Structure formats: C-alpha cells, structure tokens
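The structure under discussion appears below in the form of structure tokens.
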Amino acid sequence: MAHVLITGAGGFLGTDLVKTFIAAGHTVRATDLGGPNLTALAELGASIAVLDVTDEASIRAGLADVEIVV
C-alpha cells in the first residue's frame with residue numbers, strides 16, 4: 001500500500017479522505033494549518049505532521065517516504 005500525505009486533513013473532505021485511505025490499508029500522514037484538532041485522526045491511525053510551507057526543512061520532513069500527496 002502507499003504512503004499518503006493528506007493536506008487539509010482537519011476539514012470536511014480531508015477528514016473523509018483520511019478515513020477512506022486508512023480503511024483501504026494505506027499509511028496516512030495528516031496535516032492542516034494548525035487550527036483544526038487532528039487528534040481524532042491520530043486515533044484512527046494517521047500520523048500527524050506539522051508542515052510550514054515557508055520552511056523547506058519542514059516540507060522535506062513531511063514528505064519523507066510519501067508516495068501520494070492529496
């Protein structure tokens with residue numbers, strides 16, 4: 001299965017995508033801008049990533065081992 005990074009994971013569509021990818025057996029890394037609480041997604045099995053698009057090191061770390069970005 002694929003390693004997937006889902007941006008906007010705290011939103012309506014993002015949350016549904018996280019659930020769908022996890023149910024399909026994929027490894028999911030979830031991220032959002034910091035407002036939404038992603039604890040519920042972590043409890044489903046997603047790893048939570050803090051990404052700052054202005055920080056190249058942050059982006060590289062968040063994308064490590066990721067095959068698909070949604």
Side-chain angles (χ1 to χ4, degrees):
M1 291 294 144
H3 295 283
V4 182
L5 172 69
I6 299 179
T7 64
F12 179 75
L13 292 176
T15 298
D16 193 52
L17 285 168
V18 170
K19 292 176 182 177
T20 300
F21 275 94
I22 288 174
H26 300 285
T27 302
V28 174
R29 185 173 301 147
T31 189
D32 210 308
L33 290 175
N37 185 341
L38 303 179
T39 304
L41 299 178
E43 292 171 358
L44 293 174
S47 65
I48 306 304
V50 178
L51 300 178
D52 178 353
V53 297
T54 65
D55 178 23
E56 185 177 344
S58 169
I59 297 298
R60 288 189 186 278
L63 292 174
D65 301 323
V66 169
E67 300 166 285
I68 300 170
V69 177
V70 180

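Heads up: numbering here begins at 1 and tracks the sequence. The shown structure was predicted, so the numbers you read here are calculated from the model rather than taken from an experiment.
- For Thr31 (side chain) and Thr7 (main-chain N/O), no donor-acceptor pair under 3.5 Å exists by modelled atom type.
- The same ILVMFWY cluster, assembled from side-chain heavy atoms under 4.5 Å apart, contains both Val66 and Leu51.
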Worked check of side-chain contact (heavy atoms from CB on, under 4.5 Å) between Leu5 and Ile68: CA-CA 6 Å; Leu5 172 69; Ile68 300 170; over 6 Å; no
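- Side-chain atoms of His26 come within 3.5 Å of backbone N or O of Ala2 as a donor-acceptor pair.
- For Ala9 against Leu38, the heavy-atom pair with the smallest separation is C-CD2, 4.1 Å.
- In this structure, Arg60 contributes its side chain and Asp55 its backbone to no donor-acceptor pair below 3.5 Å.
- By the criterion of side-chain heavy atoms lying less than 4.5 angstrom apart, applied directly or through intervening Ile, Leu, Val, Met, Phe, Trp or Tyr residues, Val50 is not grouped with Leu33; the two fall into different hydrophobic clusters.
- Arg29 places no side-chain N or O within 3.5 Å of a backbone atom of His3 that could act as its donor or acceptor partner.
- Note: the hydrophobic cluster containing Ile48 also contains Leu44 (ILVMFWY, side chain heavy atoms under 4.5 Å, direct or indirect links).
- Checked against salt bridge (charged side-chain N to carboxylate O under 4.0 Å, His left out), Glu43 has no partners two or more places apart in sequence or in another chain.
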Test side-chain contact (heavy atoms from CB on, under 4.5 Å) on Val70 and Phe21 and set out the steps. CA-CA 11 Å; Val70 180; Phe21 275 94; 4.1 Å; yes
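- Asp52 contributes no side-chain N or O that, together with a main-chain N or O of Ser58, makes up a donor-acceptor pair within less than 3.5 Å.
- The one candidate from Val28, Thr15, Ile22 that meets the side chain to side chain contact (heavy atoms under 4.5 Å, CB included) condition with Leu41 is Thr15.
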